[in-house]
Amino acid sequence: MEGESDRASFWKKNIKTVPGRPSPKSDAKTTSKTKAPGATSFQDFQASVSDAWDLEDDEFCVISSLENTKISKKVSQSAALNVLNSHRSTAEHEVPSNDRTAEKPHLYEPDPVRISRIPGRPRQLHCFSPVQEEDNESKLERFEALLESNPSLQELSKLSWSGIPVKVRGITWRLLSGYLPINLERRNGVLERKRQDYWTLVEKYYYTEHDETNRDIQHQINIDVPRMNPSIPLFQQRTVQLMFERILFIWSIRHPASGYVQGINDLVTPFYIVFLQEFIPDNQPFERFNVDSLNQDQLRIIEADSFWCLSKFLDGIQDNYVFAQIGIQKKVLQLEELIKRVDEVLHKHLKQHNVSYLQFSFRWLNNLLTRELPLRCTIRLWDTYLAENDSFATFQLYVSAAFLLYWKEDLMQEHDFQGLLLLLQNLPTQSWTSSQISMLVAEAYKLKVMFADAPNHLLSNTGDS
Amino acid sequence: MVFLFVVVLIGDSGVGKSNLLSRFTRNEFNLESKSTIGVEFATRSIQVDGKTIKAQIWDTAGQERYRAITAAYYRGAVGALLVYDIAKHLTYENVERWLRELRDHADQNIVIMLVGNKSDLRHLRAVLTDEAKAFAERNGLSFIETSALDSTNVDMAFQNILTEIYRIVSQKQIRDPPEGDTIRPQNVEPIDVKPTMNTDGVRKQCCQ
C-alpha cells in the first residue's frame with residue numbers, strides 16, 4: 001500500500017515499508033538538524049499509521065483522516081523526529097543542537113504530552129499515559145472493570161503495557177504470566193491447586209537429603225541470597241531469605257538444563273515484592289516491612305505465587321541460562337547488529353575504543369536490567385515485559401538497545417576504553433522513575449516495530465560496515 | 001611511558017574477589033556485595049620504578065556456569081589473582097581446578113598469584129598459611145594473604161603482581177600470542193604484555 005519510492009529508502013537494507021513503522025533515525029546528525037516541525041505533521045503521521053492497529057483499540061484514535069493511509073516518508077520521519085526531539089529536550093525548552101544533551105535523569109519532569117507522542121504506539125500511550133501518578137484513578141477503574149469481567153488476555157496486555165496500578169498489579173501479573181487462568185470460574189481452583197503443588201514440591205525435594213549436584217546448587221543459592229539487595233533491609237530478614245532459597249532451589253531442580261545461575265535470584269525479586277505488597281497495609285514501603293508480621297498462609301501464598309510466576313516468566317528465556325549461555329551470546333550479537341543499524345555513530349564510537357558489546361550487555365541480558373535499574377523501575381518495566389507475553393524474549397533485546405541509545409550523549413563524551421566501560425557498568429539510573437521506563441519501552445517498541453518484519457537484519461554480520 | 005597490564009580475578013564464588021577489586025581501585029568495601037554477573041571491570045594506576053603502570057582488572061563471576069564467558073577474558077590477561085577464602089577450605093581445594101582453567105585458556109606466560117583472602121577471620125581459619133604457601137611454591141605461584149575488609153595487604157597484592165609482570169616485561173618481550181584468536185575480548189587483545197602508551201591507540205582486530 002505504500003509508494004514504491006518509500007521502499008528503497010526506508011532503511012539501508014531495503015526492507016519493506018510497513019504501516020506504523022516510522023523511519024529509523026539514521027544517525028544523530030540527521031536528528032539534530034530537524035527542529036520540531038509542528039503538531040500538524042505529527043497528526044498526519046498518526047493518522048497515516050492508524051491502519052497498523054486493531055480496530056478495537058480505536059476509541060481514542062483520530063480516525064477522521066483514515067482515508068489518507070499512505071505514509072509519506074517525509075511526514076513520518078519528521079514527525080518521528082519531532083517526537084524524539086520533544087521528549088528529549090523537555091528540561092531545556094530550546095531544542096538542543098545535539099538531541100541528547102537534555103537527557104539527564106535528574107532533569108526529568110514527568111511530561112505526559114511528551115511521552116504520549118511516541119510513534120509506533122500512538123494510541124495506547126495516548127490513552128494510558130505512563131505518568132501513573134496523574135491518571136491512576138481512571139486507569140485503576142479501567143483495570144478493575146476489566147478484571148471483574150472475563151477479559152481477553154489481549155485486552156489485559158494492552159492495558160498493562162503502559163504500566164499497572166499497584167493495587168491490581170498482583171492479580172494482573174498472575175494473569176499475564178499465564179499462571180492464573182483468565183476464566184474467572186477457574187481461578188480459585190487453579191490457585192489453590194498450584195499453591196498446594198508448590199508446597200508438595202518443597203516437602204518432597206527441599207527438605208530431603210540432596211545428592212551432589214543439588215548440594216552444589218543449594219550451596220550457590222545460599223551464597224547468593226543473603227547478598228542480593230544489601231541496601232534493602234527487607235532482604236536481610238531470614239524469613240525472606242529462606243523463601244528465596246526454597247523458590248530458587250525448587251526452580252533449579254525442575255530445570256536441570258540450566259540449574260541455578262547467578263542472577264536468577266534477582267529475577268524472583270519483582271514477583272516477590274509485588275505479591276508481598278498485596279499484604280502490606282496502608283501503602284507502607286516494602287523496604288522496611290517486617291514479613292514476620294504476616295501470617296503463615298500469607299507467606300505461603302507469596303512464596304508459591306512467586307515461584308510459579310518466575311517459572312512461567314523464565315520459560316521464554318531458558319536458553320539464557322543453559323551451558324555456554326547461548327541465548328545471551330546470541331542476543332549480544334543481535335544487539336550489536338541492531339545498534340550498528342540504528343546508530344552507527346555510537347556503534348563506531350564503541351568500536352573505536354575497543355569496547356565490545358559482551359563486556360557491558362551480558363549483565364543487562366542475563367539479569368534483564370535488574371542490576372541497572374532501581375527496583376521500582378524494574379517492576380514497572382516488568383508490567384510491559386509481562387504484557388508482551390511470548391514476545392518478551394525478543395522485546396528484551398529492543399529494551400536493551402533503547403537503554404544503550406538513551407546514554408548516547410554521555411557515552412560520546414567518554415574518550416577512552418575505561419571511561420566508556422566504567423560508565424556502561426554504572427549507569428546513573430538511581431533517580432529514575434516510571435516515566436523513564438515508559439519512554440524506554442516506547443523507544444524499544446519503536447525499534448521492534450521497525451525491525452519486526454526484517455528477520456535478516458539481526459543475522460547479517462557482513463553488512464554495510 | 002605508560003604500561004598497560006590486564007589482570008583477571010578468579011576463584012570460587014563468595015571468596016571476596018569483587019571486594020578486593022573495589023578496595024584496590026576505589027578503597028571501598030561492602031560486607032555484602034552483590035554477586036558478579038559475567039565479568040566486571042575496574043582500573044587503577046600505580047608507579048613502579050618511576051614508571052606508570054595502568055592495571056585493567058577483570059573481576060569474574062565465580063559460578064561454573066559463567067566459565068564460557070569468563071574464560072574468554074583469560075586470554076588477554078598477563079596476570080591472574082587466584083583467590084580463595086582462608087575460612088572456607090573448599091575454596092582452597094578448588095584452586096587446582098582454577099589452575100587448570102588458566103592452563104587451558106590463558107597465555108602460558110601468565111603470572112599467577114595465589115591470594116588467601118579474609119585473613120581478618122582469624123578465629124575461623126580453615127587453611128593454614130604454610131600449607132598454602134607450600135602449595136604456591138610447588139606450583140610456581142606467588143602467594144599472599146589479604147583482607148579486603150581491613151585492607152591488609154590488598155594494595156601489596158596488586159603491587160606485587162604488577163611489579164612482577166613489569167620485571168618480566170622489561171627483561172624480555174614476551175612473544176605475541178598467535179593470531180586468529182577470535183573469542184577473546186576485543187579490548188584486551190592488543191595489550192598482552194607489550195608496553196603501550198595508550199590502549200585506545202591500538203586498533204582492535206575484527207573478529208567477525
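Here is the naming used below: chain letters follow the sequence lines, and residue numbers restart at 1 for every chain.
- Of all the heavy atoms in Thr25(B) and Thr43(B), the pair that sits closest is CG2-O, 3.5 Å.
- Salt-bridge annotation for Asp266(A) and Arg363(A): absent, with no side-chain N of the basic residue lying under 4.0 Å from a carboxylate O of the acidic one.
- Between Phe3(B) and Phe5(B), the ring planes are tilted. Angles from 30° to 60° get that label.
- To the nearest 0.5 Å, atoms CG (Asp155(B)) and OG1 (Thr146(B)) are separated by 11.0 Å.
- Both the backbone and the side chain of Ser13(B) have a heavy atom closer than 4.5 Å to some heavy atom of chain A.
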Evaluation steps, salt bridge (Lys or Arg N to Asp or Glu O under 4.0 Å), between Arg341(A) and Glu337(A): CA-CA 6 Å; Arg341(A) 302 293 170 128; Glu337(A) 275 306 311; 3.8 Å; yes
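- Residues of residues 209-234 of chain A that come within less than 4.5 angstrom of chain B, heavy atom to heavy atom, are Gln220(A), Ile223(A), Asp224(A), Pro226(A), Arg227(A), Met228(A), Asn229(A), Pro230(A) in numerical order.
- With respect to the salt-bridge test (charged N to carboxylate O, under 4.0 angstrom), the residues Glu40(B) and Lys17(B) do not qualify.
- Using a cut-off of 4.0 Å between Lys/Arg side-chain N and Asp/Glu carboxylate O, Asp12(B) and Arg97(B) are scored as not salt-bridged.
- Contacts with chain B (heavy atom to heavy atom, under 4.5 Å) involve these residues of residues 242-263 of chain A, listed by number: Ala257(A), Ser258(A), Tyr260(A), Val261(A), Gln262(A), Gly263(A).
- Checked against the 6.0 Å centroid criterion, the rings of Trp98(B) and Tyr84(B) do not qualify as a close aromatic pair.
- Cation-pi geometry between Arg65(B) and Tyr321(A) is not met at under 6.0 angstrom from the ring centre and within 45 degrees of the axis.
- Trp407(A) has its ring centre no less than 6.0 Å from the ring centre of Phe360(A).
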